[in-house]
Amino acid sequence: MQDIQEAVRLLRSGGLVAFPTETVYGLGADARNPQAVNRIFQAKERPHHHPLIVHIADSTQLSQWAKEISEEAYLLATTFWPGPLTLILKKESHVLFQLTGGQDTIGLRIPKHPIAQQLLTAFGGGIAAPSANKFTHISPTTARAVEEELGKDVDVILDGGACEVGLESTIVDMSGRMPRILRPGMITAEQIAHVLGKDVACKEEAPTLMRAPGMHHLHYAPTTKTTLISTDALSHYVHTVQEEGPIALLLYSDRDFSLPASIHVTRMPRDAVHYAHDLYHQLRLLDNQHFKRIVIEAVPSGPEWEAIRDRLTKASQR
Ligand code: TXA
Ligand code: MG
């Protein structure tokens, strides 16, 4: 509680507070303080046109930030909040342009982690918070990872242990005529479609000018060269690249590959929920060990794997 009070004091004086959410750690600032919000962009080395998510304590605050909120948007809010879902809605006129990248919409989310809830409730206002990593890097899922990413650029880091979900929230655009997933997450398009009782468009169908996450090719990426490879091609590929130097392999299947003894193998969980929980942590561990390359085995094609496939694809563009 002492830490929460101190964090609130820092937020009120324009400071940066890293805090745990159930998805990943966020780098928070008072969403109504333009100088504080600018500090987020500096700390992350993030381009200024890239919009931020505003976190709120409860849905009564929604109308302070957004307008023309549809019944469908409220339905998603009551179904999935607090939780790993971000709604894109038409913004209220006071909303700082730094938060929206100059667009007429705002991203809003109520996180579930108890520390995030305590912080938001004690602060009483909106907290703008992107993931607490340098731009394009892997999002942090532990307080230690935040420290590695941002060090002294953040005024305090609230330690809430390892994040439960491990991947960033699902982002659904509810500002247009049709609901549209801009970033897949562990709440799936199917779940959202089921709640709304209608189809939901996915990112591929989004207009190309939309500033959706991951439009930058390099996103959620280790600094080590990373390759995503199908199960069938894996053994041959690993034999080919092992001459480059030490190789790390993130395995999904339990198939018995005949692999060179020098390969560093990490076996990932077989189910999507646990795989998502571990992914960024494992990638970060490998990234810190100076491998020549990280090779990742592709994961299954089911809907519960979609967010993971999205992040693996983006992590392997380097
Ligand atoms: O799980 C999460 O969403 C985490 C935790 C901390 O809440 N936050 C997070 O924030 O992943 P960030 O900034 O790393 O990613 C948010 C993405 C950005 O890539 C941005 O493009 C998109 O949300 N976004 C925010 N506002 C938007 C808007 N008005 N329209 C379209 N995309 C928006
Ligand atoms: Mg991010």
Side-chain angles (χ1 to χ4, degrees), residues 21-24 26 31 49-56 58-93 95 99-112 126 128-131 139 165 167-216 219-220 272-273 276 301-311 313-314:
T21 82
E22 73 282 17
T23 58
V24 300
H49 62 263
H50 218 85
L52 302 178
I53 296 171
V54 173
H55 297 68
I56 53 178
D58 63 77
S59 41
T60 60
Q61 292 173 18
L62 254 187
S63 57
Q64 294 172 20
W65 297 94
K67 62 181 183 189
E68 298 164 35
I69 306 168
S70 65
E71 287 301 316
E72 289 183 340
Y74 275 115
L75 183 56
L76 294 182
T78 48
T79 308
F80 295 111
W81 283 349
L85 180 77
T86 296
L87 295 178
I88 305 295
L89 299 166
K90 287 255 162 54
K91 74 172 183 72
E92 263 299 345
S93 52
V95 172
L99 297 177
T100 67
Q103 303 182 88
D104 63 353
T105 55
I106 181 169
L108 290 157
R109 171 164 119 78
I110 302 182
K112 197 173 81 178
S131 51
S139 298
V165 177
L167 292 186
E168 304 81 357
S169 60
T170 306
I171 301 181
V172 54
D173 183 357
M174 297 301 289
S175 70
R177 257 184 298 136
M178 201 182 172
R180 207 183 276 280
I181 307 278
L182 300 183
R183 178 174 70 186
M186 295 308 280
I187 292 176
T188 64
E190 281 73 9
Q191 284 173 280
I192 291 169
H194 181 75
V195 168
L196 296 179
K198 68 198 263 192
D199 282 349
V200 174
C202 289
K203 191 177 53 185
E204 287 68 37
E205 301 156 56
T208 47
L209 282 177
M210 186 109 202
R211 293 184 193 115
M215 295 302 241
H216 274 264
H219 228 105
Y220 316 109
V273 168
S301 57
E304 73 277 26
W305 291 91
E306 193 190 345
I308 296 167
R309 286 196 306 275
D310 172 76
R311 304 309 190 277
T313 304
K314 285 173 185 142

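The figures here come from the full heavy-atom set of this structure, side chains too, leaving out hydrogens, waters and symmetry mates.
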Query raised in the report: Do side-chain atoms of Arg309 reach the backbone of Gly302 as a donor and acceptor pair under 3.5 angstrom?
Result: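 Checked: pair present.
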For [X] and [Y], which heavy atoms make the closest approach, and how far apart are they?
{"X": "Leu108", "Y": "Ala66", "result": "CD1-CB, 3.9 Å"}
{"X": "Arg180", "Y": "Cys202", "result": "CG-O, 4.4 Å"}
{"X": "Ala31", "Y": "Leu99", "result": "O-CD1, 3.4 Å"}
{"X": "Val24", "Y": "Ser139", "result": "CG1-CB, 3.7 Å"}
{"X": "Pro82", "Y": "Pro111", "result": "CB-O, 3.4 Å"}
{"X": "Leu52", "Y": "Ala128", "result": "CD1-CB, 4.1 Å"}

Please round to the nearest 0.5 Å and tell me the distance separating atom [atom1] of [X] and atom [atom2] of [Y].
{"X": "Trp81", "Y": "Thr86", "atom1": "CH2", "atom2": "OG1", "answer": "7.5 Å"}
{"X": "Ile106", "Y": "Glu92", "atom1": "CD1", "atom2": "CD", "answer": "9.5 Å"}
{"X": "Thr100", "Y": "Lys90", "atom1": "OG1", "atom2": "NZ", "answer": "13.5 Å"}
{"X": "Leu75", "Y": "Met174", "atom1": "CG", "atom2": "CE", "answer": "8.5 Å"}
{"X": "Lys91", "Y": "Ser175", "atom1": "NZ", "atom2": "OG", "answer": "12.5 Å"}

Query raised in the report: So do the side chains of Pro179 and Lys198 get within less than 4.5 Å of each other, counting heavy atoms only?
Result: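 Pro179 reaches Lys198 side chain to side chain.
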Query raised in the report: Do you know which of Thr23, Val165, Thr170 makes side chain to side chain contact (heavy atoms under 4.5 Å, CB included) with Met186?
Result: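 Among the candidates, only Val165 passes.
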Which pairs would a plain distance check flag for residues 189-197, meaning a side-chain donor or acceptor within less than 3.5 Å of a matching protein atom at least two apart in sequence or in another chain?
from: Gln191; atom 1: OE1; to: Thr188; atom 2: N; distance (Å): 2.8
from: Gln191; atom 1: OE1; to: Thr188; atom 2: OG1; distance (Å): 3.3

Query raised in the report: Is there a donor in the side chain of Arg183 and an acceptor in the side chain of Ser169, or the other way round, less than 3.5 Å apart?
Result: yes
Query - Sequence-distant partners of Glu22, salt bridge (charged side-chain N to carboxylate O under 4.0 Å, His left out), two or more places apart - result: Arg109
**Report entry** Contacts of type ring pair (Phe, Tyr, Trp, His ring centres under 6.0 Å), residue Trp305, not counting sequence neighbours
**Finding:** Tyr252, Tyr275
